[in-house]
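Structure, as structure tokens:
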Amino acid sequence: MTVAVRSFAKINLGLYIGPPRPDGFHDLRTVYQTIALHDVIRVSVGRGAGFEIRCEDPRVPCDESNTCHRIAARVMQEVGAKGKVTIEIEKRLPVQGGLGAASSNAVATMIALERALKKSLTGVARLRIAAEVGSDLPLFLIGGTVLGMGRGEEVYPLPDLPPTAMVVVTPEVGVSTPKAFADWDALVARGQSPVPPQNPQLTHSAASDRLIEVSRVLSAWLSGSPNTGAPAKGGSRAGSLLLDLVRTGIENDFERVVFPQHPELRDIKRALERAGARYASLSGSGSALYGLCASRADAAKAAIRLRKQGLKAVATSTLTRRQYWKSF
Ligand code: C5P
């Protein structure tokens, strides 16, 4: 039996990088949001042993470095199952695009493999295995609007933002996430980041203080008022949550290191704004950029305009948690 599931992409609504940790990772704060763009993953278990990855996209490694291979091996071990696992990746999302495709593919593999084996892992085991494979995997076990802390693997469901029309631009450039983090550290060391330049010890504590401040802003946003934290008066806040978040002045720290190296990406952010996006940003470490729009019609118009400028642009929408699991 082959089990097919969709593997949705994510964007980051703000991303703040903290100090490097002894384990080589960086503490961060981000709001992840799942979106409707997706790959398709097909998993089957047959006689024999081992793992086979099939993908027509030559940029996707089909060996044991593939996140789908790594997670499938862990799941087989965890449930004590035997057999040959075949995973087919129908690639539509960009590789190294900042849309979390490789992470999402791995989580989709885990869920499809459980279904193929007719075995169920506990929620805690799923989150643990996902975090072992990569920082950006656990968010896909929650879906919708998700708060990411720690190295990004510590995830908490947030109240869902309303489905929002958007445009995604996927430039033909891959950005290495480890390199982007290293470039951020160099920027901090040169005193060119939002973290005040001081001696390394103080720089670390300033970076931590900044994350704590970001948490306060997010907390105030969630509790009702971006300014005071007081509960919002009357009516549903759903419609204004996203705008409130944007008004808090969310930023993606990676833009500070990725834009100088790829100035064309900064130009695309401006093009998104000119095409009518209410808020435009790099997603993760890029190279994909997105623009949030007021309506589906606005997103469609913006995508057409950007394609006329020679960009690979597609109109899509954010996915709430319920939509995410319904369409899985
Ligand atoms: O967890 P993941 O495999 O996605 O991380 C890839 C690399 O990105 C890590 O080895 C590390 O160099 C860098 N990283 C980091 N801080 C994070 C997440 C990733 O420095 N929070």
Side-chain angles (χ1 to χ4, degrees), residues 7-34 39 53 59-61 63-75 89 93-110 126-142 146-156 174-189 193-195 200 203-204 207-208 210-212 214-215 218 250-258 261 282-288:
S7 165
F8 294 102
K10 61 84 180 161
I11 53 170
N12 296 83
L13 299 168
L15 191 157
Y16 301 85
I17 309 171
R21 315 188 315 189
D23 63 4
F25 287 90
H26 293 71
D27 268 322
L28 55 80
R29 298 283 184 279
T30 188
V31 176
Y32 298 110
Q33 174 66 55
T34 48
D39 289 337
I53 310 271
R59 293 167 304 173
V60 175
D63 59 14
E64 59 282 352
S65 70
N66 189 297
T67 50
C68 298
H69 186 295
R70 287 164 57 203
I71 206 158
R74 281 173 167 81
V75 171
I89 306 169
L93 300 170
V95 177
Q96 283 199 320
L99 297 176
S103 304
S104 171
N105 290 174
V107 171
T109 296
M110 169 153 65
R126 274 190 205 120
L127 284 163
R128 172 176 45 77
I129 293 170
E132 279 166 16
V133 174
S135 309
D136 266 0
L137 270 71
L139 83 102
F140 291 107
L141 287 167
I142 299 185
V146 181
L147 176 64
M149 295 177 48
R151 60 181 166 90
E153 95 292 12
E154 199 185 319
V155 285
Y156 301 95
V175 176
S176 151
T177 303
K179 183 173 179 305
F181 273 111
D183 291 344
W184 172 262
D185 289 339
L187 200 74
V188 173
S193 76
V195 182
T203 303
H204 277 197
S208 302
R210 183 164 166 267
L211 283 198
I212 291 166
V214 167
S215 293
L218 287 173
I250 51 171
E251 284 175 35
N252 178 347
D253 283 343
F254 279 123
E255 289 187 355
R256 291 182 195 251
V257 286
V258 174
Q261 286 174 25
L282 190 70
S283 182
S285 58
S287 62

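Residue numbers run from 1 in the order of the sequence given. In listed order, ligands and their atoms are each counted from 1.
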Worksheet item: Ion pair present between Asp63 and Arg70, side-chain N to carboxylate O less than 4.0 angstrom?
Response: no
Discussion item. Can you confirm whether the side chains of Asn12 and Gln33 place a donor and an acceptor under 3.5 Å from each other?
Written reply: no
Practice prompt. Calculate, to the nearest 0.5 Å, the distance between atoms CE and OH belonging to Met149 and Tyr156 respectively.
Written response: 6.0 Å
Worksheet item: Could you give the distance from CG (Leu28) to OH (Tyr16), rounded to the nearest 0.5 Å?
Response: 12.0 Å
Worksheet item: In terms of ring plane angle, is the pair Phe181 and Phe254 parallel, tilted or perpendicular, where the classes change at 30° and 60°?
Response: perpendicular
Expected list for residues 130-137: side-chain donor-acceptor pairs under 3.5 angstrom, two or more places apart:
unit_1 : atom_1 : unit_2 : atom_2 : d
Glu132 : OE1    : Arg74  : NE     : 3.0
Ser135 : OG     : Arg151 : NH1    : 2.9
Asp136 : OD1    : Tyr32  : OH     : 3.0

Are any protein N/O atoms closer than 3.5 Å to the N/O atoms of ligand 1? If there are, list each pair with names and the distance to one decimal place.
unit_1   : atom_1 : unit_2 : atom_2 : d
ligand 1 : 1 (O)  : Ser135 : N      : 2.8
ligand 1 : 1 (O)  : Ser135 : OG     : 2.6
ligand 1 : 16 (N) : His26  : N      : 2.8
ligand 1 : 20 (O) : His26  : ND1    : 2.7
ligand 1 : 21 (N) : His26  : O      : 2.8
ligand 1 : 21 (N) : Arg151 : O      : 2.9

